[in-house]
Each structure stands twice: as structure tokens, then as C-alpha cells.
Amino acid sequence: MSIYDTLNRQQLEAVQHNEGPLLILAGAGSGKTRVLTHRIAYLLDEINVNPWNILALTFTNKAAKEMRERVDTLIGFGSENIWVSTFHSTCVRILRRYIDRLGYGNNFTIYDSDDQKSLMRDIIKYFNLDPKKYKEKTFINEISSAKNSYISPEQYAMENPGDPAKKKYAKVYTEYQHRLKQSNALDFDDLLFKTVELFENNKDVLANYQNRFRYIMVDEYQDTNTVQFKLLHLLATSTNDFGETVHNLCVVGDDDQSIYRFRGANIYNILNFESSYPDTKTIRLEQNYRSTKTILDAANQVISNNTERKEKKLWTENQEGDPITYTLFDSAYEEAEYIANRILQDFEDGLCNYRDYALLYRTNAQSRILEEKLIQRNIPYRLVGAINFYQRKEIKDLLAYMRTINNGQDDISVKRIINVPKRGIGLTTIDRLMEHSIHNGISFYDACKNAEYIPGIGRGASKVSPFVSMIEIIKSKLSNPEYSILDLFDEILEATGYEDELVAENTEEAKNRIENIHELKNKIITFLENAKEDNSLNAFLEEISLVADIDNLDETDNTVTLMTLHSAKGLEYPYVYICGMEEGVFPSYMCIHSDDPMDIEEERRLCYVGITRAREKLFLTAARQRMQNGEIHFHSPSRFINEIPRYLLNQTTPKSIYSNPFANTVSAPITPQKDKPFRYTSANGSSDFSAISRTGFNRNRSSNPFGDNPMIQKGFHFEKPYQAKTTTTSMLDNPPSYGVGDKVKHDKFGEGTVTKLTKGKKDYEVCVEFDTAGAKKLLAGFAKLEKIH
DNA sequence: CTCAAGAGCCTTTTT
DNA sequence: GGCTCTTGAG
């Protein structure tokens, strides 16, 4: 019995192909991670490849971590020497060693999108551009797509000399790049761009890595952009024992799951892989091990409407399964309410665990209303994305201090903190400092050092110098090897009085911020615990600038997961809800009104991704009206609903949930009609009649905490009283009525004794020794334990 | 220089 | 609806 016996024929073929380019077209749920990990095992075990010679690239840290763990379980050794990492981390690792060849310092800072925005704002001001006419975002997007296509500022300027708009972009791009370099900073796109630049201009460095990475594997290849293609092409060229050039490049992807075009992903990388590498071996993985036949059929039908794709048909030996449920509601409130009720009911009936559910939506803004309804029912949930922890004001402030200390050239960070907390340094002073720095070609921080000699600053200088000396003092301590970044963090808190100020504020919001600061401190401690060789400030800052929201998803918690369809790629759940299936929401308004037909195709691929996340049951929901940007919008059901054959759908009427909130939905009788897609009534029959109401009839409801929910206005008060949502951690405010040693009763597990009661992250954690069910760890908020006397 | 209130903008998706 | 920026008064 070998580890390869469990693979199907195509999977095995892919695993055993070890020489020359390999394209694995892996449909959703076809076991592509299995193939990748088994292939690594095969190379190590059977071909005796040195783990040192293997590079596996992913897009998220989560995927990288999973891959490493799975290789470990397969072969039990050697995986720590395989380079398994994201594209971005890989590039950073290379650049940290060699970027001095491009004239940057090796302690460069990584700018996130907020930093980019601040920088761009400065540039717009510098060029005296009308901020009403020129948005930072327009420039940033233009620059980003140039970088993703490996177009430098010089090249950009050369390409369109006659076009005045492009000329302006070129000027801004040049200045932007100049300032990044001055700040010794790179943005996300630079990480890839500069690595390719480094390789192209330093053949010795390239040869070094080519020689090392003799076997390269790439996950989610359909989402690579042009720079990533170049990078792979440069790296995956080595010479074999016979002096022949070989490309041991194995890419795995699914063109139907390409959903990052907006971010520069180039779907032709995968579509044209075979022509880029003529001796490519192509293997299709079409057997799906994840979903029911019904779900898979629906997915196949939807995606078949796309033109630009490699023909393939997923099949499964799994059961037929239940029909897909589609429900159209009057409003987004009812939609959210229904979903929350359904989940609660199934949970209480013992039919499912909370962790079995994923609620997917097109835009992050849609999560709010779902969260509200889940909170009201005490359903624990976990939100992926939305507000990234590292984007919070207090976190960014403290990180800016650390970044300033690490790299004084990082102007954006220095400017961020120079008057935070308030030191009486105003806009005039900052402007003068900025002018001075630009005039003299020095960094903003160096200008601060010279503050007293700068004309026009006057009294301001006396405020600036204490700031400079504070930074200098802390910086000097770093030279002591005993001084850890944890000491540094404490010192910053102490010296700036940042936390004290929040404590003094004593508001709910301030408390929340303090909690976040403590959380950041925990992250530093964890980092120091896990750091292998490098526990420097630089390494810490690097690690946190490269985390994605999805990296922190803990699938062991028993919670419902809420996330965007994009974040859901690569995951699977027994029960999936896709909410907001409406024209103008999904597909988005932007795509519908775009003149590029590829936009709607990408949206359809996103729908395909969503559908194929579900293992057993898929629920699609839509609302006739929903609040967007403070306005009520009316939408017709999504075209994607129409693309699912009617015989796979079970349309339920939302009416039934009004009379009895916990009653089962009633199925409308549906006659199978294979040839005719079912069309849901829309006033004029057109697929897009979304309208926007700009009238003010959503006013005058500020006194009603339930908003314009007609159910509430009609008096159907089956909900718990509304509580203003401050954080998702509010359950900690209600300590349980029982303590250690108390006898308690649980609905399902019966009677038991509390053995432990601790304050968890979101809620109190209770350990109970049940008389019959054994020891269980529960969350107090929804375990509904009853104390018995 | 700082704070509070009002105006205006926004939303697609993210490493 | 909510966040950020602008404005005007201390």
C-alpha cells in the first residue's frame, strides 16, 4: 500500500510526470492540492530530488502553510527544506538579500494600499492637480496595471507621447516611483516587479536561483499576472545533465476560477501555457470529489455561458443531492433574517454545526446586515476581510512608529505619527518641513532634525525636536541585542503615552482600541516565539505587511463564516448561502455597464467559484430592494439564477417565514423542463431593470432601530430587542450566571459540572464535565447552559 | 492649533 | 448609512 494508491489515473499521471513543463487543469474540488503535495512527495521519495531544489508558490500564506503541513504528513520529513511560500514573500526574501543592486536599502519598507493612497495624495498636492478631477485611486490603478504588465515609468512615458492624459499619468508614475525610492519603500506590485528587474539585470543572481529551484510548482496559476509569468519564466530554466535546457515548471489552475483580472491577473497565462512551452504535458482533472451532482450540474451550466475558456466538464460519483434552493425576498432585511433563522433552526434541531455554513456575498458592505441578524440570535460567526486588523488607526499608528525606527526614510510613516498623539505640530509646520525636504532632496525625518534652521517654522521647531529625540533615543536602544521588539513596543507605548491617552478617554471606542493594541502585542509575542533565525524588527514588519485576511481564518472554531466570494476561493463548506443574487449586485453594477464583455465573464467565473464551494446544499437568495450607500436600490434577480436549469432549482416562498419564523419553507411545485431555463418574473422581461431611487423616502426612520423593515413596522416582533452593535465581542459583557463547581444543564448534552470558566477572545469559555456526554468545551454565549440547584 | 459639525463621497472584488 | 475631509469658531 503506497501513498499513491488513493489517486485516480489522471492524478497519478500528474504526480509521476517529473521532467519538463506540466499543465494541470484542475476543476473545482478535483483534488489539486492532493496532486501537488503527492507530487512533491514523489519527487523526494522516488526521484530522490533534494528538498532544497523544490519551490512551491501559492497566493496566500494559508495555502502555503497547508501545503507544507500536508507534505509533512505524507512523507514525515524534509518539508522544512522545501521553499513553500507566496509569490510576494518569495520576492521579499530575494530582495532583502539583493535589492542593494537596484539602489535600494535592504531594510526597505513595504507600503500597503493606505500608504499608497497617502503618498499619492502628496503627489497630487505637489503637482497642484485639482483633487476633484484627479482621484488618487485612478492614478494608483493605472500605475498598478502598468507595473503588473512590467511597464516602467520610462517605458510608460515613451509608449504614449501624444496622449495628454497618459502624459499626466506618466508624470505622476515617475514621481510616485521616485518618492518610493526616496522613502526606501516598495509597494505590493514592486515586490514582484523589482524581483524581475533584479533578475534581468543581474544574471549572476538569477543563475544562483535557477540553479537552486530545479522543480517549481505553482498553485492557482490562473491568477498570475504578467510579471509573475516573467518571474516564473526566468526562474524555471535550468540545464540538465546532458546540457539541455529544461523547464521543470508545473502549474496547477482552473481558467474557470480566474477571478483576479481587476488585480492584473492575466488569464492568457493559463490559456496559452501550451504555446509558451511547446513540450507541455497537459492533464485534466475533471472528477469532482466535493459536491453533489446537482450542485455540479448547476455550476457546469452557469460556466458554459462563457466563451473564453478551455472546454471541460466536471463530473462526480457523488449523490444527486437536494435541489438548490432559491428564494427571492422583498428586502435585504428579510433575506438576512431568513438565513439567520434557517441556520439557528437547523442548529437547534441538531442537524448541523455552525462551522458547516458559509455565507458568501459579492461586496463586503453586504456583511453588515447579516451580522446584525446573526448577533440578534446569538449565532457565533467569523468575518473574513472587511476591516483588516492591520488597517485600524491605532495599529497603523503604532506600526508607523516601528517603521520610522526601522527606516527613517519612510516619509509616509513619519508624517503619520509626527503629531500623533497631539504634540502641537500643525499643518503649517508639516508643510514647511515637507517643502524643505523636497528642496534639499532629504527625507522628511531628516528635515525634522533640522527644524530649528528652517525659515518660517519658528516656534514649531521647539515641538519637533522632542519628537526627534524621542525617536533617536528609542532607535539607539535597538543596537543592544538583548533589546527585543517587544521591549521596543512597550517603550513606544510608554514614551508616546499612546495607551494612557486612550485610557483617559474612557469611552467604549477607546477601550476597543486598547484591546487592539494588546492584540498587537500578542502578535509580537507570537512572532518572537515562532521566529526561527530572524526576530528583527524588519522581519516582524515584513511578516505583518504580507498577511492576507484569509490567512487568519481558523476553521476549527464552531462558527458561521462570512466572506466575499473572492475570499472563498479554495475553501469548501457543507452548506453555502450565496446572498444578494441580483442584477447590479452580482453581477455588479460596474460589470453590467462595462463595454468589455470579459467583465461579465469574470463575474460568471466568480459565480462558478461560489457554487462549487458547496458540498451538500446550496442556497441562493435575492432581495427586491436593498440599501446601498444610503439609498434604496431595486434590482431584478441575477442572470446567473436564470442560467441554472429550472429542474435543479427549488424555489421557496419567503411568505411562510412571516407567519412562523421558524417554519420550514414551502416548496413551489416545479415540473422539470430541461430545455427551458426558468425565468423569474420581471416587469419588462429584460434582464437588467435595476433602478435607483434617489427620493428621500428612507428618511424619518432614524428613531426606528429596525430601519425600514416592514415586518418590524407591522409589529412582528419575534426578535430579541435590538442592541446597537459595537463590536462582535459584546458577549463578554454578560458573564454567565454559573461558576466553577456549579451543576448545569445543556439542551443536548444533559447535566454536568462546570470545571473551568475562562474569558476567551469573544466570549466566556466553559469546560463542562457532562454526566453522560463527557467533557466538553463550550462558549457560554450560545451553549445556553442552565444552572440547576 | 484643535475640535466639532457639516458636506460630500462612496463600493466591487485584494496579494 | 458611515467614513473622511473641509470648514469655521475657540
Side-chain angles (χ1 to χ4, degrees), chain A residues 57-64 85-92 110-114 116-118 121 131-132 135-137 140-141 144 147-148 186-192 220 223-225 227-228 258-265 332 360-369 372 384-388 390-391 393 419 421-430 459-460 463 545-551 563-569 580 584-594 599-600 602-603 605-607 609-610 626-633 698-699 701-702 707-708 725:
Chain A
L57 290 169
T58 63
F59 274 86
T60 64
N61 296 302
K62 184 168 180 280
S85 164
T86 66
F87 271 99
H88 288 84
S89 315
T90 297
C91 289
V92 172
I110 300 165
Y111 275 2
D112 69 13
S113 44
D114 285 337
Q116 283 183 293
K117 234 168 145 183
S118 311
R121 219 170 289 153
K132 292 233 164 47
K135 296 260 154 292
E136 309 100 74
K137 240 178 118 181
I140 290 172
N141 286 341
S144 177
K147 285 184 180 179
N148 286 329
L186 303 185
D187 65 17
F188 282 128
D189 301 322
D190 279 341
L191 298 177
L192 304 166
E220 307 281 13
D223 288 327
T224 52
N225 61 31
V227 185
Q228 282 158 334
S258 165
I259 55 173
Y260 285 109
R261 199 165 76 105
F262 71 93
R263 204 170 71 187
L360 309 181
Y361 37 77
R362 180 63 237 266
T363 63
N364 278 310
Q366 288 167 255
S367 74
R368 192 163 259 128
I369 186 166
E372 191 178 291
V384 177
I387 327 116
N388 186 319
Y390 293 106
Q391 284 175 322
K393 210 176 288 154
N419 197 32
K422 301 259 179 304
R423 315 190 159 83
I425 301 171
L427 217 75
T428 340
T429 310
I430 293 174
R459 292 192 312 274
K463 306 273 175 56
S545 48
L546 295 176
V547 295
D549 297 321
I550 198 76
D551 294 338
M563 65 191 145
T564 62
L565 287 147
H566 281 87
S567 299
K569 195 179 62 162
V585 176
F586 187 36
S588 79
Y589 184 83
M590 305 286 249
C591 296
I592 292 174
H593 295 275
S594 155
D599 281 345
I600 202 76
E602 172 138 329
E603 209 75 354
R605 290 194 289 270
L606 190 57
C607 184
V609 167
R626 78 171 60 235
M627 186 77 85
Q628 286 175 304
N629 310 334
E631 292 161 334
I632 293 178
H633 290 227
N698 55 335
R699 300 278 161 87
R701 56 180 182 75
S702 51
D708 58 355
K725 189 188 128 218

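Chain letters run A, B, ... following the sequence lines, proteins first, then strands; residues in each count from 1.
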Worksheet item: Does the side chain of A/Asp223 come within less than 4.5 Å of A/Ser258's, by heavy atoms?
Response: yes
Worksheet item: Any idea which of B/dT14, C/dC3, B/dC3 is nearest the A/Lys422 side chain?
Response: B/dC3
Discussion item. So which atom in A/Tyr260 and which in A/Glu602 form the shortest heavy-atom distance, rounded to 0.1 Å?
Written reply: N-OE2, 3.5 Å
Practice prompt. Please determine, for the side chain of A/Asn364, which listed nucleotide (B/dT13, B/dT12, B/dT11) has the closest atom?
Written response: B/dT13
Worksheet item: B/dT14, B/dT12, B/dT2: which one has an atom nearest the side-chain heavy atoms of A/Thr363?
Response: B/dT12
Worksheet entry | Heavy-atom donor-acceptor pair, A/Asn61 side chain to A/Leu546 backbone, under 3.5 Å | yes
Discussion item. Is A/Asn629 close enough to C/dC3 that one of its side-chain N or O atoms is under 4.0 Å from OP1 or OP2 there?
Written reply: no
Worksheet item: Can you tell me how far OH of A/Tyr361 sits from OG of A/Ser567, rounded to the nearest 0.5 angstrom?
Response: 7.5 Å
Worksheet entry | Any A/Thr429 side-chain nitrogen or oxygen under 4.0 Å from OP1 or OP2 of B/dC1 | yes
Worksheet item: NZ of A/Lys569 versus P of B/dT15: gap in Å, rounded?
Response: 11 Å
Worksheet item: At under 4.0 Å between heavy atoms, what does A/Ser113 touch on the DNA or RNA strands: base, sugar-phosphate, or nothing?
Response: nothing
Worksheet item: Of the nucleotides B/dT13, B/dT11, B/dT15, which one has an atom closest to the side chain of A/Thr60?
Response: B/dT15
Worksheet item: Do any side-chain nitrogens or oxygens of A/Arg423 fall under 4.0 Å of OP1 or OP2 in B/dC1?
Response: no
Worksheet item: Is the distance from OP1 or OP2 of B/dT2 to the nearest side-chain N or O of A/Asn419 less than 4.0 Å?
Response: yes
Discussion item. Distance check needed: B/dT11 C1' versus A/Arg368 CZ, whole Å only.
Written reply: 12 Å
Worksheet item: Contact class for A/Phe262 (heavy atom, under 4.0 Å): base, sugar-phosphate, or nothing?
Response: base
Worksheet item: Does any N or O in the side chain of A/His88 come within less than 3.5 Å of the main-chain N or O of A/Leu191, such that one atom is a donor and the other an acceptor?
Response: no
Item to complete: Quick one: label A/Lys137 by what it contacts on the DNA or RNA (base, sugar-phosphate, nothing), any heavy atom closer than 4.0 Å.
Response: sugar-phosphate
Worksheet entry | A/Ser113 side chain to A/Gln116 side chain, donor-acceptor N/O pair below 3.5 angstrom | no
Worksheet item: Considering only the P atoms, how many Å lie between C/dT4 and B/dT13, rounded to the nearest integer?
Response: 15 Å
Worksheet item: For B/dT14, does OP1 or OP2 lie under 4.0 Å from any side-chain N or O of A/Thr564?
Response: yes
Worksheet item: Are A/Ser567 and B/dT14 close enough that a side-chain N or O sits under 4.0 Å from OP1 or OP2?
Response: yes
Worksheet item: For A/Ile259, which contact category applies under a 4.0 Å heavy-atom criterion: base, sugar-phosphate, or nothing?
Response: nothing
Fill in: Whole-Å gap separating C1' (B/dT15) and CG (A/Leu192)
8 Å
Practice prompt. Would you classify A/Lys62 as touching base, sugar-phosphate or nothing, given that sugar-phosphate means primed atoms plus P, OP1 and OP2, and contacts are heavy atoms under 4.0 Å?
Written response: nothing
Discussion item. What's the closest nucleotide to the side chain of A/His88 if the choices are B/dT13, B/dT15, B/dT12?
Written reply: B/dT15
Worksheet item: Which nucleotide in the list B/dT15, C/dC3, B/dT12 gets nearest to the side chain of A/Ala548?
Response: B/dT15
